[in-house]
Number of protein chains: 2
Amino acid sequence: MGWEDVRAEVLRRIRARDWLPGAMIPNEEALAQEFGVARATVNRALRDLAESGLLERRRKAGTRVAALPVRRATLEIPVIRQEVEARGQVHAFRLLDERMALPPVPVAGQLGWASGAAKLYLETLHLADGKPYAHETRWLDPVHLPDPRPDFASISVNEWLVTHVAFATGDIAFAAEAADPRSAEVLGVPQGAALFVTERTTFTAESAITFVRLIHAPGYRMVTMV
Amino acid sequence: MGWEDVRAEVLRRIRARDWLPGAMIPNEEALAQEFGVARATVNRALRDLAESGLLERRRKAGTRVAALPVRRATLEIPVIRQEVEARGQVHAFRLLDERMALPPVPVAGQLGWASGAAKLYLETLHLADGKPYAHETRWLDPVHLPDPRPDFASISVNEWLVTHVAFATGDIAFAAEAADPRSAEVLGVPQGAALFVTERTTFTAESAITFVRLIHAPGYRMVTMV
DNA sequence: CGGATCATTATGTATAGACATAATAACGTC
DNA sequence: GACGTTATTATGTCTATACATAATGATCCG
């Protein structure tokens, strides 16, 4: 009887509605006795279910089945190359543009960059089996780059960053947007087509490193299991 | 020195590039000695970092910093009412349609429903502060409903399901789609507008319960931290 | 040399016992 | 009855120890 067995049994009781949404369940001590395991084992199982949003736990108050479960799904956010290769396709990319320029005010603002400071702008087209897969536009603070700059035509910016710049925190946003003229041209779709967009901001402890927009080709779906 | 402190210190070393991507880190025993804690405490910390994709662990092979980290972000998928209320707005909904009908072949196929069997079709408009927030279309197997059916005009289908039907597994997909005539009319946007769509399929152990499409009003963004 | 076998090793998990912590419930006082 | 204090309780975490398990590397044998 391992902690996964305990979790499975608890999950079964929730699904079978032995324990109803909003109802308290027995405390760890009692469950440990019932299953004949140590309390730590029950704790591990219940903690896991709480992390995925099925249980709500509070000290002293006890454990209850979530009434309106906020399901937590984990999204895997791979490097594009891995994503394409996982589909059994060949990944390639073309660096379309690379120049120093003034970032738009909203971008500079969100990243805490002083307005009027030029940053590196990079534009890349990712291909899967030779067909457009995603249009990447990126603002990057060149402070984090060595001199001379890496050759981003041969190694993708993202992969260079993850292997050469300190791991970082950040946030990710997903949205639907109409294709602007540039993305439409690059991806070979009509202007105004509905495209899935991923925006990612990455920070080190002190300052913003980079802001990327990934505009995916039509038909892109992000899938997860619950 | 708790496990969160251990995690913080390990994370610091990864970010500071003391431990490079792809490199091995000391084993649990050694770290436990260094930090003056039990091995279980180190284990908890390293396991947590491995779950979020920053470390790769294999028995006997040891622990290494992920070379190309597949970042795992957790998405919270709340009930719409909670989502709207969390934004400080008032949630309301209108049941637009409720009837028995034949589900389209792709829907029936994905859910494993026999073709030719009529199911319940429900169409709902969710409002935030009186403005269109999301257009919900749903196919539901009436097997899971009591007779007579609940009054879905007064309690939203989703909330009725989570509180009255056994918890279930399922999958969720996100995509960008152009507004079809019906969604455009209901949400008050031009046809072809880029809309964010969430599709969710829910199963019990045996059979499919429901398939929902949530078509969000323009401007909808799904955000997560890493 | 190739391949099967076995010892070694790092992580994975279980255990009993202990103390910490947060939150509730009970109590006493005014 | 309202309010502040204290006791109680369930979860949270840590420790030391033990054994399980998977993967590697070394060894032995044909």
Side-chain angles (χ1 to χ4, degrees), chain A residues 1-14 18-70 72 74 167, chain B residues 1-14 18-70 72 74 167:
Chain A
M1 192 88 180
W3 72 270
E4 290 185 286
D5 301 297
V6 174
R7 181 182 59 182
E9 173 58 17
V10 171
L11 191 54
R12 191 194 63 73
R13 293 186 188 181
I14 296 174
D18 292 347
W19 294 334
L20 294 175
M24 300 277 302
I25 74 172
N27 68 33
E28 295 187 348
E29 194 64 53
L31 289 174
Q33 282 233 338
E34 183 193 336
F35 295 137
V37 299
R39 185 169 77 87
T41 307
V42 173
N43 181 282
R44 182 101 151 78
L46 298 188
R47 188 161 22 95
D48 190 81
L49 289 169
E51 271 164 20
S52 59
L54 257 69
L55 292 178
E56 285 167 4
R57 322 192 71 200
R58 287 205 338 274
R59 275 172 165 143
K60 156 79 182 174
T63 302
R64 57 180 64 239
V65 181
L68 287 181
V70 175
R72 281 184 202 100
T74 48
F167 279 87
Chain B
M1 192 90 182
W3 71 271
E4 291 185 285
D5 301 297
V6 174
R7 181 182 59 182
E9 173 59 16
V10 170
L11 191 55
R12 192 194 64 72
R13 293 186 187 179
I14 296 174
D18 292 347
W19 295 334
L20 294 175
M24 300 276 302
I25 75 172
N27 69 32
E28 295 186 349
E29 194 64 52
L31 289 174
Q33 282 233 339
E34 183 193 335
F35 295 137
V37 299
R39 185 168 78 87
T41 307
V42 174
N43 181 282
R44 181 99 153 79
L46 297 189
R47 189 163 18 96
D48 191 81
L49 288 170
E51 270 164 20
S52 59
L54 258 68
L55 293 178
E56 284 167 5
R57 322 192 72 200
R58 282 197 353 266
R59 274 170 166 147
K60 157 78 182 174
T63 302
R64 57 180 64 239
V65 180
L68 286 182
V70 175
R72 287 189 193 92
T74 50
F167 279 87

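In the text below, chain A, chain B and the rest are named by the order of the sequence lines, each starting its count at 1.
Not one side-chain nitrogen or oxygen of B:Thr41 sits closer than 4.0 Å to the OP1 or OP2 atom of D:dT13. For B:Arg57, a side-chain nitrogen or oxygen approaches OP1 or OP2 of C:dG12 to under 4.0 Å.
The distance from atom CG of B:Asn27 to atom P of C:dT9 is 11 Å, rounded to the nearest whole Å. The CG-P distance, from B:Asp48 to D:dG12, rounds to 15 Å in whole Å. Rounded to whole angstrom, the span from the CE atom of B:Met24 across to the P atom of D:dA23 amounts to 14 Å. The nearest whole Å value for the distance from the CD atom in B:Glu28 to the C1' atom in D:dT21 is 14 Å. We find that CZ of A:Arg64 is positioned 10 Å from P of C:dT24, with the value rounded to whole Å. Rounded to a whole Å, the CZ atom of A:Arg58 is 13 Å from the C1' atom of D:dT9. The CZ atom of B:Arg39 sits 15 Å away from the P atom of D:dC14 (whole-angstrom rounding). One atom, CZ of A:Arg59, and another, C1' of C:dA22, lie 6 Å apart when rounded to the nearest Å.
Annotation: side chain of B:Val6 is not in contact with side chain of B:Leu31 (no heavy-atom distance under 4.5 Å).
Atoms OG1 and CZ, from B:Thr41 and B:Arg7 in turn, are 13.5 Å apart once rounded to the nearest 0.5 Å. Note that CG of A:Asp18 is 11.5 Å distant from CD1 of A:Ile25, once rounded to the nearest 0.5 Å. Once rounded to the nearest 0.5 Å, the distance linking CD of B:Glu51 with CZ of B:Arg57 reads 10.5 Å. Rounded to the nearest 0.5 Å, atoms CG (A:Leu55) and OG1 (A:Thr63) are 6.5 Å apart.
B:Ala61 comes within contact range of no nucleotide atom at all, as no heavy-atom separation falls under 4.0 Å.
Nearest nucleotide to the side chain of B:Thr63, out of C:dT11, C:dA22, D:dA16: C:dT11. In this structure, of C:dT13, C:dT15, D:dT9, it is C:dT13 that holds the atom nearest to the side chain of A:Arg44. Nearest to the side chain of A:Asn43, among C:dT11, D:dT13, C:dT15, sits D:dT13.
Map A:Val37 and A:Lys60 each onto its nearest nucleotide of DNA chain C; the residue landing nearer the 5' end is A:Val37.
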